[in-house]
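One structure below.
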There are 2 protein chains.
Amino acid sequence: MKGELTDGLSTGAVVFGTDESIADELAAFPLTGRFLMGRLRHSISARERQLLEELVVETRSVEAGAIMLHRGQLVDHSTILIDGYMMRTGQEGSRRFILGLQVPGDFVDLHGFALKRLDHDLVAAGPARVGIVPHERLEEVMQKEPHLARILWFATLLDAAIHREWIMKLEQLTAARRVAHVFAELWQRLDHVGLGRNDSVRTPLIQADLADMCGTTAIHMNRALAQLRKEGIGELRRGTLYVSDRRRLEEYGMFDSSYLYGRGGLAPGTALDPKGPA
Amino acid sequence: MKGELTDGLSTGAVVFGTDESIADELAAFPLTGRFLMGRLRHSISARERQLLEELVVETRSVEAGAIMLHRGQLVDHSTILIDGYMMRTGQEGSRRFILGLQVPGDFVDLHGFALKRLDHDLVAAGPARVGIVPHERLEEVMQKEPHLARILWFATLLDAAIHREWIMKLEQLTAARRVAHVFAELWQRLDHVGLGRNDSVRTPLIQADLADMCGTTAIHMNRALAQLRKEGIGELRRGTLYVSDRRRLEEYGMFDSSYLYGRGGLAPGTALDPKGPA
DNA sequence: CATGGAACTTGATCCAAATCAATTTATATC
DNA sequence: GATATAAATTGATTTGGATCAAGTTCCATG
């Protein structure tokens with residue numbers, strides 16, 4: 001139905017800037033290796049990573065466009081995205097909103113563990129592969145592995161931080177700058193998990209999806225993209241945004257990655273207070 | 001500087017619809033008695049409530065307009081709002097954004113426990129009183145009280161759910177409907193903690209604040225409020241919105257409280273799946 | 001009770017984006 | 001390779017809200 005990408009986007013995106021370490025990591029932990037990669041990794045012990053990998057009792061494929069999880073549904077397991085992309089979508093009458101985009105390594109409905117029912121749907125954008133983690137397993141982690149539990153908690157808070165950034169972007173940016181921000185964020189997040197390219201960003205999203213993420217209409221999104229093209233910021237063709245100057249894209253979208261809590265950002269133990277002490 | 005309310009808003013708001021139970025609750029747990037009141041309460045044991053109360057090692061007053069916590073600052077404790085209101089604010093150049101409003105009972109920077117640095121400021125809207133919970137105490141909860149830990153986690157996820165709702169509201173509503181939504185949400189949240197009135201909503205926010213919450217200018221917010229008045233939805237005068245028909249306010253703001261996970265909403269153990277099983 | 005500074009209100013002009021209405025290009029599929 | 005359908009594009013018109021520019025009301029304080 002939407003953005004089916006048969007050229008391997010969801011599985012084989014070229015990995016640029018790859019350390020040996022990333023490859024090693026994925027060899028050792030094929031299912032959860034990307035979880036929080038580029039963020040808190042230093043604070044997750046090898047034993048914990050192993051535990052994490054063993055939480056996954058099963059993997060499943062989700063076909064493009066499928067609603068993996070419905071709003072309000074009682075859940076007894078959470079899902080980690082191994083491959084592909086998923087969107088959180090909200091519905092309001094006939095209108096759909098995309099509340100967030102998840103990339104490989106994201107524990108897409110980890111908050112379902114504490115909430116038991118989500119307030120939004122989870123939809124695969126393109127074909128995806130996910131790992132299933134029963135809530136009983138998470139329960140055990142809470143009981144026996146408080147440090148790992150705190151890391152899981154941290155992961156859900158990252159989503160909240162992204163939501164806050166989106167609120168600010170929606171409030172101040174024009175449609176063209178909003179998409180630029182969306183792309184800059186996506187790129188950074190893909191970089192974190194070792195899936196970033198160096199001169200382009202792949203996305204399974206069509207213009208109508210981008211519109212639903214930016215709170216505009218598909219028609220206006222088309223014009224916004226035309227403007228990005230005209231201004232030489234980037235050009236979206238068939239699922240890929242080609243960018244010659246990444247800095248310009250980020251500036252145009254007023255993207256400042258600190259809210260993603262990557263290394264050097266607001267991540268615990270790194271970076272000094274940007275604003276000085278109270 | 002802003003919205004100083006000397007008439008006791010932050011301490012003495014009239015409690016309507018009060019059960020005996022609320023008064024009892026507050027007598028027993030004067031500091032944390034409102035935490036998650038009206039939401040998960042059935043699943044917090046008496047022992048846990050007592051533990052929670054004992055987490056607070058100190059209370060502090062925060063004066064109106066004071067920045068209690070700066071973005072990026074390393075934190076070693078979290079703060080529960082006992083009395084008054086606080087806002088999460090983001091800055092982007094000269095422009096300020098209000099990313100969320102906290103009411104009594106909210107654990108305003110509980111996410112600081114896992115994040116260690118916040119991506120936004122916390123500012124008192126009017127005079128406030130807060131309880132300090134050192135992170136070592138939360139650490140102990142993580143170690144010894146997994147069930148309580150999960151409840152704390154739940155509390156931070158509620159904020160994220162509110163963020164998501166705001167994203168949708170920003171994307172679809174006009175300024176007048178957005179404020180209506182803000183008021184409807186505030187009212188509902190005050191109801192949860194036993195502070196709701198029955199024909200009006202008090203707020204420490206001035207029109208400029210409401211504008212910063214709704215992503216408009218103060219000038220336009222003024223016109224939006226004029227429209228609410230004209231349409232008979234509600235009238236804001238000196239810190240109080242007078243409402244004759246609460247349903248109309250909620251409909252106008254397209255407010256559906258389920259995202260607040262109150263009883264009968266999406267709260268675990270209550271309400272059936274609104275969309276049927278997958 | 002005069003005065004200064006917030007907070008609020010009103011008016012006029014301009015622009016980003018919605019909306020209505022087609023049309024063109026891709027992408028599958030028979 | 002003809003045909004259907006999704007996706008992208010272009011044009012014209014309307015509108016919510018920004019912005020610039022004054023006012024006015026409220027309220028604390030000397």
Side-chain angles (χ1 to χ4, degrees), chain A residues 1-7 9 63-65 92-97 125-126 169-181 203-231 234-241 252, chain B residues 1-7 9 63-65 92-97 125-127 169-181 203-231 235-241 252:
Chain A
M1 182 199 199
K2 77 152 38 179
E4 239 108 336
L5 289 158
T6 50
D7 60 357
L9 165 66
E63 61 183 47
E92 195 84 68
S94 64
R95 198 166 161 188
R96 184 192 63 159
F97 301 93
K169 294 312 155 194
L170 283 169
E171 289 186 351
Q172 69 177 324
L173 301 182
T174 60
R177 291 182 190 272
R178 287 181 199 174
V179 234
H181 189 274
T203 167
L205 304 174
I206 62 172
Q207 294 187 5
D209 294 328
L210 293 169
D212 290 346
M213 283 175 95
C214 294
T216 20
T217 58
I219 293 172
H220 193 66
M221 180 49 61
N222 181 269
R223 295 192 235 256
L225 291 168
Q227 192 177 338
L228 289 189
R229 196 184 315 130
K230 197 186 61 179
E231 299 201 25
E235 178 166 3
L236 181 66
R237 287 198 320 268
R238 311 219 275 100
T240 303
L241 183 81
Y252 191 81
Chain B
M1 180 198 205
K2 79 149 38 176
E4 239 108 337
L5 289 159
T6 52
D7 61 356
L9 164 66
E63 61 183 46
E92 195 83 68
S94 63
R95 198 165 162 189
R96 184 192 64 160
F97 300 93
K169 294 311 155 192
L170 284 169
E171 290 186 350
Q172 70 177 323
L173 301 182
T174 60
R177 290 181 191 273
R178 287 181 198 174
V179 235
H181 189 274
T203 167
L205 304 174
I206 62 172
Q207 294 187 6
D209 295 327
L210 294 170
D212 290 346
M213 284 175 94
C214 294
T216 18
T217 58
I219 294 172
H220 193 66
M221 179 49 61
N222 181 270
R223 295 192 234 256
L225 290 168
Q227 192 178 338
L228 290 189
R229 196 184 316 129
K230 197 186 61 180
E231 299 201 24
E235 178 165 2
L236 180 66
R237 286 197 322 267
R238 310 219 275 99
T240 303
L241 184 81
Y252 192 81

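Letters A, B, ... mirror the listed sequences (proteins, then strands); counts begin at 1. All values derive from a computational prediction rather than experimental measurement.
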- Has B/Gln207 got a side-chain N or O lying under 4.0 Å from the OP1 or OP2 atom of C/dT9? yes

- Rounded to whole Å, CG of B/Leu225 lies from P of C/dT10 at a distance of 12 Å

- Give the rounded distance in Å between these two atoms: CG of A/Leu236 and P of D/dT9. 8 Å

- Query: Is there side-chain contact between A/Arg96 and A/Asp209, with heavy atoms separated by less than 4.5 Å?
  - Reply: yes

- Query: Can you name the closest pair of heavy atoms from A/Ala208 and A/Ala218 and give their distance?
  - Reply: CA-CB, 4.0 Å

- Message: If you define the side chain from C-beta out and look only at heavy atoms, does anything of B/Leu210 sit under 4.5 Å from B/Leu236?
- Response: yes

- Message: Has A/Arg229 got a side-chain atom pairing as donor or acceptor with A/Glu235's backbone, closer than 3.5 angstrom?
- Response: no

- Item | Among D/dC26, C/dT9, C/dT27, the nucleotide that comes nearest once only the side chain of A/Arg238 is considered | C/dT27

- Are B/Leu225 and B/Leu228 close enough that some pair of their side-chain heavy atoms sits under 4.5 Å apart? yes

- Task: Figure out the CG/C1' separation between B/Leu210 and C/dC8, and round it to whole Å.
- Result: 12 Å

- Task: Using atom CD1 of B/Ile206 as one end and atom P of D/dC27 as the other, report the distance to the nearest whole Å.
- Result: 13 Å

- Query: Rounded to the nearest Å, what distance is computed from the CG atom of residue A/Asp212 to the P atom of nucleotide D/dA7?
  - Reply: 12 Å

- Task: Check the distance between C/dT9's P and B/Leu228's CG and give it to me in whole angstrom.
- Result: 12 Å

- Task: Looking at every strand, decide which applies to A/Arg237 at a 4.0 Å heavy-atom threshold: base, sugar-phosphate, or nothing.
- Result: nothing

- Rounded to the nearest Å, what distance is computed from the CD atom of residue A/Glu235 to the C1' atom of nucleotide D/dA8? 13 Å

- Whole angstrom is fine here: how far is it from CG in A/Asn222 over to C1' in C/dT23? 13 Å

- How long is the span from the NE2 atom in A/His181 to the CD atom in A/Gln172, to the nearest 0.5 Å? 8.5 Å

- Any side-chain heavy-atom pair from A/Val179 and A/Leu241 closer than 4.5 angstrom? no

- Message: Walk along nucleotides 14-21 of chain C from 5' to 3' and tag each nucleotide B, S or - by protein heavy-atom contact under 4.0 Å, base first, then sugar-phosphate.
- Response: --SBSBBB

- Item | N-O pairing of A/Lys169 and B/Glu92 below 4.0 Å | yes

- Message: Does B/Glu63, at its CD atom, have more than 12 non-hydrogen atoms belonging to other residues, nucleotides or ligands within less than 6.0 Å?
- Response: no

- Message: So if I take the C1' atoms of five pairs at each end of the helix from C/dC1-D/dG30 to C/dC30-D/dG1 and get each local axis, what angle do the two axes make, rounded to 10 degrees?
- Response: 40°

